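Quick notes on the structure that follows.
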Amino acid sequence: MADDQAAGQTILVVGGGISGLTTAVEAAEVGYSVLLVEREPHLGGRVAQHYQYFPKLCSPSCGLEINYQRIKNNPRIRVLTLAEVEDIQGTDGQYTVRIRQHPRFVSDRCTACGECAKACTVEVADPFNFGQGRAKAIRASHPMAFPNHYFMESAYAGSAEAQTLVALCPVGAIDPGMTATVLEEQVGSVVWATGWQPYDAEKIQPYGFGRHANVSTNMRFERLANVFGPTGGRLTRPSDGKEVKRIAFIQCAGSRDHNHLPYCSRVCCLASMKQATYVREQFPDAQVTVYYIDLRAMDRYEGFQKQVEADPGITWIKSKPARIDEDPRSGDPIVIGENTLTGVRYADAYDMVVLATGMEPNSATTARVPAKGVAYDEYGFVVKGGQVLSTGCTATPLDVAGAVQASTAVALKAIQAATRRG
Amino acid sequence: MEAKKIGCYICTGCGIGEALNVAALEKVSSKEQKIPVTRTHPFLCGTEGIALIRQDMANEGVNALLIAACSHRVKTDEFQFDTPLLDRVDLRDKVLWVQEVAGDKTAKEDLQMAAADYLRMGSVKLKKMNAPDPFQDDGFSKDVLVVGGGVAGLTAAREVAATGYRAILVEKSGVLGGMVARMHKVSPTTAPYRVLEENPVAGLVAAVEGESRITVHRNATIEKTQGAPGLFDVTINSGGTVTTQRVGSIILTTGYNLYDPAKLDKKLGHGVSADVVTSLEFEEMAKAGKIVRKSDGQPAKRVLFALCAGQRDKNHLEYCSAACCTYSLKHALYLLEQDAEASAYVLFQEMRTPGQMEEFYRRVQEEGGVIIKGDVEKVEKASGGGLNVSITDKLLRGQEGLAVDLLVLATGMISSVDTVDPNNPSPVGQVAEEAAKYVLNLDYRQGRSMPELKWGFPDSHFICFPYETRRTGIYAAGPARRPMGIAESMTDATGAALKAIQVVESVTRGAAVHPRSGDLSYPSFRREGCTQCKRCTEECPFGAINEDDKGNPLFNPTRCRRCGTCMGACPQKIISFANYSVDMIGSMLKEVEVPPADDEKPRILVFACVNDAMPALDMVGQQRGRLSPYIRIIPLRCMGSMNLVWIADAMSSGFDGILLMGCRHGDDYQCHNVRGSALAETRLSKVSETLDRLQLESDRVKMVEVNIMDADQLPKVINDFAAQIASLDPNPYKEF
Amino acid sequence: MAYDLSFARDVYKHSEMGHWIKMCKQCGVCAGSCPFGPHWEYSPRQLFQMVRGGKKEEVLKSHSMWMCTSCYNCIVRCPRGLPITHIVHGLARYASVKGYADPDQVTNRFATRIFWTNIVSTGRVGEAMLTMRLYFVDGLAAGIKQGLEMKDSALGMLMAKRLNPIPFRGKIKGFAGFEAMLAKARELEEKREAGA
Amino acid sequence: MKEYTFFPGCSSEKGASAANMEHSVQAMCKMLGIQLNEIDDWNCCSASIGYAGGGQLPRLAMSARNFALAKQQRGTTDLVATCAACWLAMRETAERIEHEPAVRADLNTALKEAGLSYDGGIKTRHLVEVLIEDVGWEALQAKVKKPLTGLKVAGYVGCQTNRPFGIAGESYENPLYLDKMIEITGATAVPYPKKVACCGGALMFTEMEKSCALVRDLLQCAVDNGAELIVTPCPVCQLNVEVYQGKINQLFGTQFKMPVLYYSQLFVLAWGGSWEEAALHQQVVPADTLRRFA
């Protein structure tokens, strides 16, 4: 750091997704201390739930792995998982923050040997897979989970069975009696990077998600494609396990819609193009249809659009479908609407329909910033001008590269703020 | 430096103690490998186990640690000690978890042999490992050079200075502000995303000019950039005055050039009339205060804004310039704000107003802006002035004619960094001499230019690590990096400022930057062994190595990213790191005990890239996948560091097959060092010569691309290869 | 020349909810939502772009706007919040007032003349009279034919005491004030429609 | 006795098409101890096609006059309607009076001619909302004396009770209250994917064949799902789906004979009311299937 500035100020980064990770690692590699707080049991956020990234069709774990290595190798980064920031007081250079550490019921003695999960008989709908498939009540979220320690569902911790696991753990890592603790920390600046949640597709009533079994969403589909997902990567539909060979993607499911999210979520077009490749790779005879308003493959992503467009197995229909019906016999979803380039109405049946649902900032709902003077826009994104810095999809809908770019930038702003005195 | 004293610690937890004959392993360590301190512990990563190691370090003088337990990727916090000499032998994840533990006698024997071999390899590795001595230099500078004085450059300089560092800003023209200085207003950046904002240039220029930490050079170009991060010597020609400045890092913010409208398809009408203008010309008109027909100065009442002019088009720019949709909507608003009764038509292909800009799109429609999806087909001068434009109207589904006063063509952005648009070798308005084509004129053995990724843009990993270029310490930002709008350029420039500061802080500590951040090792070479073959200088993905007149390599440690590609390239085996060398890996593989052919236990050497293949193998373990017990895995920093001599060594040591697991290469490469795995593949194509010389089948050696998520496929890949090797005769060299 | 905005601007100003037409982004959700969709020559979305495109004759002479069943599907689904049902009603009314609407278009004829006349002549709907007027709008013969075709339905209604056999009904008590109110409203409306 | 100011609408008049609704609503309210106080001298709401002849101001003035009368006569804040079109027209008028000052001013200029004025303040409620919010599900359930066990009913909500306003708290695509009402009577609500589809509305008058095609689909869907009868809250839906079955059978060669009832009729019957109280004698397609419960 430059000589005339105080070193050693800590930066609090809230959210351990790609944005928070990037902010933490980039700031720490300049030489600053970082406290990274994540609400979930493991880091990685939304990107860890993805099967591949566009446009390179590569695994997010590859980049995450490097970031985790950078954290492991950097003593300046302290990571708290299952922790939430409850209160922020102060100004740049001198914040006091209160953090609630939820119980994990498994200490960091855990070696991820898996003996406890083997013995556990209780399963929950797997939240990592958006409820598709079941998961043990004591587990790691997924095989690449970092930190590589198990956690226990709090509802399970009170059970008699959970007690039996205590003795079973060869390293004595399990403690169902763990309780929440509250930490108070002094930090110099705060970066809010709590990311996004997929828009609740049930709210998009005409599309029947929740009513029609074979209407899914883009994030659920990511898990379906993933080898560690509920189907082991096989693209099959929920109602009867049929292979998904006629599939439709519906863009702007919730986004660009005054009834839902008025803004554009930016990534969904590209995400559907990417997911179309999943289907076409798994089933070379599959037919994919994409219903869209505008295809938004900005800048060099245009090349990806061209690449996907070159596939004759993918049809593009400029249309926001009006509704989805369900064929009562086959369970096929039937997409109904008007092709705006031909004026022709359609009612097309598919094996499965994937709604390209948009991004809703967590800062609008479950991760409001517990500080005074925070600037939000009307959608709940944390914008510039307030007390706390924000980055990634907490500020605007972004793709991964955009989130990394913004988070690298915010790392510098956080350094500046941390070294600013009152 | 004190003598190395190795302690070997074998964990017996996680089932290791039950599955293996630990006493035999202790013997391998203490007797065979002569490790002075060898201990076992039932829970090595627990407090007691760690204390045991610390005690030995304190009391026994142990200063090098061989930890035989689990994968190097787990328990890293626990196994952190005050010594750089540490190696992890993975008995759990890559032995126990992938082999039959409860199998028959043969299986048990195989398990034990694998564990012993890994322990042997670890011992040798640690013996060959030296503590890195961080590279230092008295002349390090932490100043940041910013090249290009547009919005991105001004922002970068301001942010560098605001963090307490000095910046030198070089601008080729006489004024700061770049393209944006020619613009009227900017699109909304803040809630409620409806109102045009003041041009930020004036504010930025004032901030930069008022900042004592920033030195501005106008009318200046870079004649030469020599050196390396922390030690760049940059020759600046500032209006004829030539100076050389030492800087630590460089931010490239040279912005974009506009695609030459003269090259557009004729049907777009450029040149037909003065009333066909580019969007930048329209900006200038708005800035000047009045939007008029250029041909006769009459007020413009009807204006057609045609998007994607020469963009998203394989005959022109194949990509999208990202910002034009929003720019054009802004232009429509200029017109409607000048005259609410005017007609503003936005002719789009795909309306791209991402994020909250959707609200701005709404605003422009609210003001009466009319959107039309379609293409311009023909432009003619109208008799009474203005233009008649024929369009294909995709929504009205037909050909339509529009009478307009102006046609505004949204032409695209071309990177200004060295490389120019492939279709357009001389950028707009620039007929430059050869040298002027290169912004930095790098004095690098691999050339003066910044290597491009695609379409002339110079980054290297645009998803996960968008700032990385193949020239360490040089970061592009703004539209020099990829097409982007003003607000994003400012964010981007701030990020680049962080990277520029980060690199000077790292190199002055002797540490590497991404992807091996913090690595203190760097390559050195034995000059007398060099044959001046230049492979290292040619192959380094980051152009880190220069050459002297005789063709000897000149290493620039602060440019180096520690991938080891030079080491892999060197046929003389003279390039090494303190903790990674040809000899080290060669010695490791030779340490594997190869059973005689009669035992029918082939040995297969697996070289696995530490970035993707090793984690993937870990996941095979976590999933309890089954791998052939005959494999022996050696992690490599990068496939680029794979030296062919190891292939020969392995074959002559009796290995029956060699499997190399590197990252995907090609256009969508995943190699963190850009070219490492591709180079390994190229080298390997020559391996058949080696095998022929040894009279061995060439399919004994195979390279596969492994993705980090390939855990489900790896067992098949490995076991199929093992089966294929088993089908061959045993390596005849086993007997020697 | 297309996209002359004078027609569009008149619609924005003088057709009920017409200014919303500016805001359409041509997604097509309205067209797919309409239960009578297949019977529209131009879907709402197309009509809106045609208004913006200056296609005055095509829009106003079209039967499309008269195909609205007032189901409100389009309104609740429109991502831009356009009150499409009302815009379409407004366009129908506009076409009628401006004299472009086909007077023989069945819904136009029924809605603008028979129905409205029916309700304003007494203050309430006279269903029997309404039905009769509807049947006989094309003359006596057609009326009898239509009446005969529907006689089973009508008979059923009569039997169920849900159709009054006497088609004439009395006026509401405050009819004079009601009529004066409508006259004033009409006067204000006409001023508005004329572009004051 | 709970009292509400009531707007019955033209079709609820004696001898009008929804006389059976009115009759059963009155019976139902009586059983619930609700008194509906009809606005004196109300006029037509202008219905869903009044726009064409009326334009906006005359059209809106119709409802404005009813509001003004309600306020004048009863000083009321709540006004209850049973007809979907009336309820919708009044809610639209109320919304525009509230949000558009120019419309409010013009309407008052017109109202003045009738010696009236209105500046807003009345909340227009659907009788269904009164049942759900004021009476409550438990009370509705408690009244059941003759559960309609085994009766299979398709709940047809239709359009205008559902869009653009809808019953408070219900969804546009899958409103659940009607199914719940059916279940309360002891009957079974069959799955009915067409529950919010359109019957053609007022266009049944003018575009009969096109509308009949819609109704045919509605009927077929009910048959396919095993319904013995259809229940609806809307008089337009009731009329179109019930009365045109003969025409539909003639047009499409079908043989529908599906009774179509109002929810109020079902309640009255289940609560122990007589065939006549439930106005079941006023059906065009006889609801004979209900004889077993009468």
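Quantities reported herein were computed from a predicted structural model and do not represent experimental measurements.
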Please determine whether a side-chain nitrogen of the Lys or Arg among A:E302 and B:R352 lies less than 4.0 Å from a carboxylate oxygen of the Asp or Glu. yes
So which of A:G114, A:S265, A:G343, A:G358 has the largest heavy-atom pair count under 4.5 angstrom toward chain B? A:G343
Flag the pair A:K274 and A:E222 as a salt bridge only when some basic side-chain nitrogen lies within less than 4.0 angstrom of an acidic carboxylate oxygen. yes
Considering only heavy atoms, which portion of A:F54 lies under 4.5 Å from any heavy atom of chain B: side chain, backbone, both, or neither? backbone
Find out whether the Lys NZ or Arg CZ of B:R481 is both under 6.0 angstrom from the six-membered ring centre of B:Y467 and within 45° of the ring's axis. yes
Does the plane of the ring in B:H514 sit parallel, tilted or perpendicular to the ring in B:F465? Use 30° and 60° as the thresholds. tilted
Inspect the contact between A:K318 and B:E350 and indicate whether a charged nitrogen and a carboxylate oxygen are less than 4.0 angstrom apart. no
Chain A heavy atoms under 4.5 Å from B:M484: which part of the residue, side chain, backbone, both or neither? side chain
Residue part contacting chain A, namely of B:D459, when any heavy atom lies under 4.5 Å: side chain
Against chain B, label A:L295 side chain, backbone, both or neither, depending on which of its atoms sit under 4.5 Å from a heavy atom there. both
Within a strict 4.5 Å, meaning less than it, do heavy atoms of the A:P262 and A:Y379 side chains meet? yes
Under 4.5 Å from any heavy atom of chain A, what part of B:R516 do you find: side chain, backbone, both or neither? neither
Counting only non-hydrogen atoms closer than 4.5 Å, does A:P55 touch chain B with its backbone (N, CA, C, O), its side chain (CB onward), both, or neither? both
Engaged part of A:N226 at the chain B interface, taking heavy atoms whose separation is under 4.5 Å: side chain
Of A:L57, A:I293, A:N73, the largest count of non-hydrogen pairs under 4.5 angstrom with chain B goes to A:L57
Is A:C110 in contact with chain B via its backbone, its side chain, both, or neither, using a 4.5 Å heavy-atom distance? backbone
What residue, out of A:R296, A:M298, A:Q305, has the most heavy-atom pairs lying under 4.5 Å from chain B? A:R296
Applying a strict 4.5 Å limit to non-hydrogen atoms, the region of B:R664 in contact with chain A is side chain
Which portion of B:E358 sits near chain A, non-hydrogen atoms under 4.5 angstrom: side chain
Quick one: what part of A:V171 sits under 4.5 Å from any heavy atom of chain B, side chain, backbone, both or neither? both
Would you say the side chains of B:R194 and B:Q356 form a donor-acceptor pair under 3.5 Å? no
Quick one, B:V620 and B:W97 - any side-chain contact, counting heavy atoms below 4.5 Å? no
Between A:G303, A:G63, A:P60, A:C62, which has the largest tally of heavy atom pairs under 4.5 Å with chain B? A:C62
Go through A:K306, A:R256, A:M359, A:E115 and name the one with the most non-hydrogen pairs under 4.5 angstrom from chain B. A:R256
If I measure from the heavy atoms of chain A, does B:T508 come under 4.5 Å with its side chain, its backbone, both, or neither? neither
Toward chain A, the part of B:M709 with a non-hydrogen atom under 4.5 Å: both
Hydrogens and angles aside, do A:S407 and A:T391 bring a side-chain donor and acceptor to less than 3.5 Å of each other? yes
What part of B:Q713 gets within 4.5 angstrom of chain A, counting heavy atoms only: side chain, backbone, both, or neither? neither
Do A:Y150 and A:C116 make a side-chain contact, defined as non-hydrogen atoms from C-beta onward lying under 4.5 Å apart? yes
Given a strict heavy-atom distance threshold of 4.5 Å, which part of B:T190 is in contact with chain A: side chain, backbone, both, or neither? neither
Chain B shares the most heavy-atom pairs under 4.5 Å, among A:A297, A:A140, A:P147, A:A403, with A:A297
Measure A:Y292 against the heavy atoms of chain B and call it side chain, backbone, both or neither at under 4.5 Å. side chain
A:R300, part contacting chain B, at a heavy-atom distance under 4.5 Å: both
Taking side chain as C-beta onward, heavy atoms only, is A:R76 less than 4.5 Å from A:E29? no
Set of ring pair (Phe, Tyr, Trp, His ring centres under 6.0 Å) partners for B:F462, sequence neighbours left out: none
Looking at residues at least two apart in the chain, or sitting in another chain, which of them share a salt bridge (charged side-chain N to carboxylate O under 4.0 Å, His left out) with B:K394? B:D375
Please classify the contact of A:V25 with chain B as side chain, backbone, both or neither, using a heavy-atom distance under 4.5 Å. backbone
For B:T163 and A:Q416, which I'm curious about, is there any donor-acceptor pair between the side chains at under 3.5 Å? yes
Measure A:S255 against the heavy atoms of chain B and call it side chain, backbone, both or neither at under 4.5 Å. neither
Of the backbone (N, CA, C, O) and the side chain (C-beta and beyond), which part of B:Q622 lies under 4.5 Å from a heavy atom of chain A, both, or neither? side chain
Between B:S71 and B:R92, is any pair of side-chain heavy atoms under 4.5 Å apart? no
Between B:E318 and B:Q311: side-chain donor-acceptor atoms closer than 3.5 Å: no
Name the region of B:L453, side chain, backbone, both or neither, that has any atom closer than 4.5 Å to a heavy atom of chain A. side chain
Given that the side chain runs from C-beta out, which part of A:Y301 has a heavy atom under 4.5 Å from chain B: side chain, backbone, both or neither? side chain
Is the positively charged end of A:K56 above the ring of A:F304, judged by distance under 6.0 angstrom from the centroid and angle within 45° of the axis? no
Okay, B:I708 and chain A: the region with an atom under 4.5 Å from a heavy atom over there is side chain
Which portion of A:V227 sits near chain B, non-hydrogen atoms under 4.5 angstrom: side chain
In this structure, which one of B:L96, B:D618, B:D93 forms a side-chain contact (heavy atoms from CB on, under 4.5 Å) with B:C70? B:D93
When the 4.5 angstrom heavy-atom criterion is applied to A:A395 and chain B, the contacting part is backbone
Looking only at the aromatic ring of each residue, does the gap between the centers of B:Y193 and A:Y263 stay below 6.0 angstrom? no
Contact part of A:A112 toward chain B, heavy-atom cut-off under 4.5 Å: side chain, backbone, both or neither? backbone
B:D712 portion near chain A, given a 4.5 angstrom heavy-atom threshold: side chain
